[in-house]
Each structure stands twice: as structure tokens, then as C-alpha cells.
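The chain is numbered in sequence order, starting from 1. All values reported here derive from a predicted model rather than from experimental measurement.
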Amino acid sequence: MMERQVWRMLTAILVDDDYPVIRYLSQAVPWSEIGIELIGSYYSGLEAWEKAQQNPPDLIITDIGMPKMNGLEMLEKFRAVNPGIRAIILSCHNEFKYAQQALKLNVGEYILKESLDIDQLVQALRTLVTEVGLNRQQHTEMLVYKQKQSQNRAALKEKFLKDTLYQFWDKEAWIEQARSNGIMIHAKNYIPLVIVIDRPEEVSRVRRMSEYTISFAVENIMQEVLEADHSLFISRYSNKEIVILFCSDKPSKDHQAIYHSIQNAASAVQKYLKLSVSCIFGAEARSPEEIRGTLQRMLREKIQRFYLPTAGIHRFEEICFSKEDIYAEYGSVYAVINDDIALNRDTELRVHIKEWREWVASQKFHPNEVKECVLRLLMDLQMKTKQLLQSPLPMAEEKLFNVVGDIETLEHLEDWLVQYLEELARKISIFSIKSKRSEVIKAQQFVISHVTEKITLEDMAGRLNLNASYFSRLFKRETNQNFIEYVNMLKLQKAKELLNQSGKTVEEISEYLGYANKSYFIKLFKREMGMRPSEYAAWH
């Protein structure tokens, strides 16, 4: 990968108001052999600037004397956009002032047209390509070195954090151990803070970045903002959590300033990474032992964060969870949600789930009990859906348990539950048969049970012994939907199930659902879902 980056072919343009010169150079110079891609030829400096400034080349071969904008004026403009741009001048001017100007503009060669030798130009181009290649290689090696240095630094910090959490130190030995790793933490008191990245799995899927990369970026932004005003130690603990120790000789005085800085740092993360973090302060500590005790509780007892709103700043407090029966209200909750889904009432569904969430939050049930209750509700609703419609469950039971089990806050659980149940309601709505005309009911039943087959309006009308035009008008009047639209809607619903569960490719699914043209299937899917099938599969 590094080698391809270093030796990427250079791009070049020719600029000269003399057409024969441009034509001759275009054909006589073995551009590709040298390692240059000629991407444009222009007959004035102004034309070259207007057309190439958005994507400037690596190299410009130009004349000086041209109308509207001469070659030196043009090079000056390009250098303002790309200071590293290189140039070779072919000119009729042999005056010293032009050569002097050319040197200031990073011109590699100044060749007079009257003595132009194509071999001389080719050699100049080869030399320039070699120089640029070496510069790129050095730049790449420096980036790799800095990256390794950063990774080594991060590894040292993570090791020191783990040592702090799991080894017993007296304060002096702990401070000395930190100093030997380039970490300065000498202070009377320490204020521990845990930064939790909100919903990292969703962020990773949407941003198409690994959770490690995301947490590494969050750590760097937080450090850059905070270390300007505070003495601190910061390190990743996991892909979801970052630990900060603020060094403070006067905690009561520093708290307000630290709180304000944390707000600014969280805002910077939101601005640059488009994600939110929750910040949880622990009790002040004076020794490694107190730090270890506080941080271990904060990091191990994640259930204590379950009721905290995301994207906020909180103080860590241990909750005494309710001993009441969470299933005392289960029957009424199931009844209203079941009705909302059956009647496809999205607004009422959101209201009822919010009311349930508020009741759970007021009671402070143990998070595991809340998740178990949600899973029971989902399984009951899914089994009813399967019995009524004879269709697959929206999500396999094992995957359902994993997804719900990984959710860490009640707020996230509510959002996910609404989204999941709305999809279930939509599925029921799609498969529900509302018409009273037997012909339409038979047509819908046939499509539901033969969704993987190719179904045309003419074939369906023939099965019902009806004229195709009459059947089309009848179906539209009864369902407020064209027959082919209805067929495609059910096929796309099936496609989503297959993308979620089957492991089939987009091409296999398209063929399985009776689409002869994969491009047509992708077009229909994107129009319905707002994304391509492959993107939907990655999202889910």
C-alpha cells in the first residue's frame, strides 16, 4: 500500500499559445513511460487556471508570453493553491528577470524554445519525477513513524492505566512509574472521569470506521481540548470507554473549571466526529488505592449507567434497584402495544413506549429485568405475527437476545424498541388484507404465498378469469395501490428479511425473488429504502 502511494503517477498539464508546440510535446514525450499522466493542454494561462484550479496538477510545462495571463502569473496562482507544485518553463525569453522570477516559483528547468531538445526535456522530466518520488517516500515514512510513535505512546498509557487499576502502589512509586513513561501526574488530589462513547456500534456502522479508530479519535480530541488548561492523564480503557485523571491541588476550586472544559471537549467531539459522549465524574481521590477503588466500580458496574441520559455530564452514583415486580403492568402494556402495532398507529406506539420507559425509570428496576421484560414482549408479539401471517420472524431469537443484551442505556433501549416495533407494524400492515372483494383477496393471498415467483398483472388477471384492465382498476380502487406496486412492496419486504438473515448476495436475492434484472431490483430497493441493498445489509 505504501509503495503504491509513494510511486503514484504524477499529473501534468501543457500551457502554450502555440498550438504546434503543444501538439509536438503531447506526441513526442513518452509521458507514461516516464511516470507522468498528461491530463490537459491549454492555450493560455487564464484558461489553464480556470479549468484546472479545482484539481491542480503536480507539474506544469508552460510558456511565459501568453495573452490575458502569462505563464509566471499563472504559476503564482497555482502555487497559492498548491505550494508544492513543480514547473518547467519553455520560453522565447532569455532575459535574466524572467529566469529570476521562475526560480522564486519553484521552476525546475528554464528551457529556451530556440534550443529545445526533446531528449533534454525528457531527462528534466525524469529527474523531476525521481525527486518528487523521493520526497513522497520521505513524507510517507515520516507519517508511518509518527503513527507508530503515537501507537506506542497510546500503548504505554493503556498499560499504565491497567497497572493503576490492578496493582497496589504507594503514591510515590506510582508517580515515579508514571514519570518513567513520560506521564506527569504529581498532585495532591485527583478527579477521575470516565468518558463513555454513546452507541459506538451504531456510530461504527454509519461512519464505516472501526470502534478502535473512533475511540482513538475521541481520546485525541478530548486531550487536545483539555490539556490546554489542565494537568491530566488520559487513556483508552476500551473501545467504548476513556479514562481521565485530572490533577488538582484544590479540587473544590477546580471543579467548575473542569466541568466547563469537559463541556467544551464533548462539544468538540460532536462537531468533528458527529457523535456524542457521556461524561461521568467519580469521587475525588488522594492516592492510587482510592483511584483504583473508584475507577473499578465505575468501569465494572456498567448497569449503574443504565438510567443516565446520554450526551450529558453526570456524577457516578450507585443505585439501589427496585425489588418490585416489573411484570405487574405487563398485561396492560402488551395489550396497548399490540393494538398499536395491529392498527399501525405509529404516534400512539411512541407515546405508549415512552410512558412505559418513564414508569421503568421512576421505579429503577434492575437493567437485566428491564431487558428480560422487553425480550418477552418482543417474543410474544413476534410469535403472534408468525401465527397470523405465516411469515418468518423479523429477527431470529438468538440475534434478538444479543442485540437487546448489548444495549447499555434505557434511552437507547427506548429508541431501538420504537424502531423495531414500527418495522413490525409496517410488516403486518403490508401483509394485512383489507379489501372485501374476493378477487382482490385471492390476488393478495396468492402474492403473499408466491412472493419469490415472477408475478405479472396479466398472469394474475388470467388466474382470476378477469380482463387485465378491469382487474387493474379494481385492485387500485380497493387497495389504493397499483397491483405491481403491491407485488414489489412484498418482494422488497422479503428482500430485507433475506439481507438480514440469509447471507445471500444481492444478485442471488434478486434472482430468488423473480427479478430478471439485478439493476432493476437495486433501483426499486433504493427508491423504497433510500439506500442500495448492500448498504442496507451493512447498516443492519
Side-chain angles (χ1 to χ4, degrees), residues 194 196-206 211 238-241 275-280 298 300-312 314 316-322 324-338 340-341 345-383 385 393-427 500 539-540:
V194 174
V196 181
I197 300 172
D198 297 329
R199 309 185 189 185
E201 299 86 356
E202 291 184 6
V203 175
S204 177
R205 188 168 58 241
V206 173
E211 291 182 25
S238 70
N239 288 342
K240 299 180 181 181
E241 298 150 317
L275 62 90
S276 67
V277 294
S278 298
C279 310
I280 307 170
M298 294 174 71
R300 285 178 178 173
E301 299 175 19
K302 297 180 182 181
I303 56 173
Q304 301 293 339
R305 309 174 195 162
F306 186 71
Y307 290 99
L308 295 179
T310 55
H314 314 281
F316 179 75
E317 295 177 351
E318 295 190 20
I319 301 172
C320 293
F321 296 113
S322 173
E324 299 297 320
D325 183 9
I326 193 173
Y327 292 97
E329 303 290 330
Y330 182 80
S332 58
V333 171
Y334 175 82
V336 294
I337 291 179
N338 182 57
D340 292 338
I341 291 174
R345 300 186 305 203
D346 285 355
T347 302
E348 290 85 348
L349 177 65
R350 288 175 176 269
V351 169
H352 290 139
I353 293 176
K354 181 181 178 182
E355 290 174 349
W356 176 80
R357 188 262 298 166
E358 290 173 344
W359 173 72
V360 168
S362 68
Q363 297 296 313
K364 294 290 191 298
F365 294 106
H366 194 285
N368 291 344
E369 291 182 349
V370 178
K371 294 180 183 181
E372 287 170 5
C373 185
V374 167
L375 285 167
R376 176 179 167 181
L377 175 70
L378 295 177
M379 296 308 298
D380 288 347
L381 291 169
Q382 286 201 156
M383 291 308 297
T385 301
L393 297 175
M395 187 180 289
E397 183 175 334
E398 183 179 353
K399 184 176 181 181
L400 199 60
F401 272 78
N402 291 336
V403 171
V404 174
D406 288 340
I407 292 175
E408 295 187 352
T409 67
L410 181 60
E411 183 179 304
H412 185 190
L413 184 62
E414 178 190 10
D415 292 344
W416 179 86
L417 186 58
V418 167
Q419 182 182 7
Y420 187 83
L421 292 181
E422 283 181 345
E423 179 66 19
L424 185 61
R426 185 171 179 275
K427 179 181 178 68
N500 284 336
W539 173 273
H540 288 74

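- The shortest non-hydrogen separation linking Ile326 to Val370 is CD1-CA, 3.8 Å.
- Annotation for Leu381 and Leu421: closest pair CD1-CD2, 3.8 Å, computed over non-hydrogen atoms.
- In this structure, the side chain of Gln363 does not engage the main chain of Ser322 through any donor-acceptor pair within 3.5 Å.
- Between the side chain of Arg305 and the backbone N or O of Met298 there is at least one donor-acceptor pair closer than 3.5 Å.
- Residues Tyr327 and Arg376 share a closest heavy-atom pair of CD2-NH1, 3.4 Å.
- When each of Phe306, Trp359, Phe321 is checked for a side chain to side chain contact (heavy atoms under 4.5 Å, CB included) with Phe365, only Trp359 meets the rule.
- The CD atom of Glu301 sits 10.5 Å away from atom CD1 of Ile319, with the distance rounded to the nearest 0.5 Å.
- Arg199 CZ to His412 NE2: the interatomic distance, rounded to the nearest 0.5 Å, is 4.5 Å.
- Between Glu324 and Lys364 there is no salt bridge, since no side-chain N of the basic residue sits under 4.0 Å from a carboxylate O of the acidic one.
- Here the NE2-CZ distance, from His352 to Arg357, works out to 14.5 Å after rounding to the nearest 0.5 Å.
- Summarising the geometry, atom CD1 belonging to Ile197 is positioned 13.5 Å from atom OG1 belonging to Thr310; distances are rounded to the nearest 0.5 Å.
- Looking at Lys371, its side chain does come within 3.5 Å of a backbone N or O of Ile407 through a donor-acceptor pair.
- With rounding to the nearest 0.5 angstrom, the CG atom of Asp325 is 8.0 Å from the CD atom of Glu369.
- In terms of heavy-atom proximity, Tyr330 sits nearest to Cys373 at CD1-SG, 4.0 Å.
- The heavy-atom pair separating Arg345 from Val336 by the smallest distance is NH2-O, 4.5 Å.
- Side chain of Ser278 to backbone of Ala311: a donor-acceptor contact under 3.5 angstrom is found.
- Between Arg350 and Glu422 there is a salt bridge, since at least one side-chain N of the basic residue sits less than 4.0 Å from a carboxylate O of the acidic one.
- A salt bridge links Glu241 and Lys302; the closest N-O separation between the charged side-chain nitrogens and carboxylate oxygens is under 4.0 Å.
- Aromatic rings of Tyr334 and Trp356 (six-membered ring for Trp) have centroids beyond the 6.0 Å cut-off, not under it.
- Between the side chain of His314 and the backbone N or O of Pro309, at least one donor-acceptor pair lies under 3.5 Å.
- Rounding to the nearest 0.5 angstrom, the gap separating the CD1 atom in Ile337 from the CD1 atom in Ile353 is 5.0 Å.
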Next on the checklist: Leu275 vs Asp198, test: side chain to side chain contact (heavy atoms under 4.5 Å, CB included). Steps then yes/no.
Outcome noted: CA-CA 7 Å; Leu275 62 90; Asp198 297 329; over 6 Å; no

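- The two residues Glu201 and Lys240 come nearest to each other via the heavy atoms OE2-NZ, 3.0 Å.
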Item to check | Intermediate values then yes/no, side chain to side chain contact (heavy atoms under 4.5 Å, CB included), Phe316 and Val194 | outcome: CA-CA 9 Å; Phe316 179 75; Val194 174; over 6 Å; no

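- Within the 4.5 Å cutoff, no side-chain heavy atoms of Gln304 are placed close to those of Glu317.
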